[in-house]
Chemist: 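Before anything else, here's the structure in question.
Along the sequence shown, residues are numbered consecutively beginning with 1. Quick caveat, the model's predicted, so the values are computed rather than measured.
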Amino acid sequence: MFVEGIDVGGHQRVAYVEAVAEYVHGVLTPEQNALHNRLYNVVGLSIVGGPDPDIVLTAGEARQLAAALNHFADVVTGIDRPAPRYR
């Protein structure tokens with residue numbers, strides 16, 4: 001999935017979001033296993049669009065980011081304001 005937007009300089013940017021599940025073939029060393037456990041079943045965010053994500057989030061962190069983005073979208077569109085009262 002990708003989202004298009006602009007940066008502060010007015011240039012168009014694309015943010016890519018993907019589910020990342022690393023497949024392991026063979027046996028891992030303890031160091032590799034620790035890294036694998038951190039990278040397994042995560043959400044990857046990429047601003048540049050390269051083959052590897054720039055930021056890796058756990059499912060919980062991705063949900064927190066989604067909730068924050070939803071809240072800020074409500075704020076900038078005024079959905080969170082009280083309804084106008086007409087007399």
Chemist: Could you state the interatomic distance from CG (Leu57) to CD (Gln64), rounded to the nearest 0.5 Å?
Modeler: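 Interatomic distance, Leu57 CG to Gln64 CD, rounded to 0.5 Å: 9.5 Å.
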Chemist: Just how far is it from atom CD of Glu4 to atom CD of Gln12, taken to the nearest 0.5 Å?
Modeler: 4.5 Å
Chemist: Taking the side chain as every heavy atom from C-beta outward, state whether Leu45 and Pro53 have any atom pair closer than 4.5 Å.
Modeler: no
Chemist: Shared ILVMFWY cluster between Tyr16 and Ile55, side chains joined below 4.5 angstrom?
Modeler: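 Hydrophobic grouping puts Tyr16 apart from Ile55.
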Chemist: Mind checking whether Glu61 and Leu65 have side chains closer than 4.5 Å, heavy atoms only?
Modeler: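 Glu61 vs Leu65: side chains apart.
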Chemist: Are Ile47 and Leu69 linked, directly or through intermediate hydrophobic residues, by side-chain heavy-atom contacts shorter than 4.5 Å (ILVMFWY only)?
Modeler: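 No; Ile47 is not reachable from Leu69 via cluster members.
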Chemist: Show your reasoning for whether side-chain contact (heavy atoms from CB on, under 4.5 Å) applies to Val14 and Val3.
Modeler: CA-CA 6 Å; Val14 178; Val3 179; over 6 Å; no
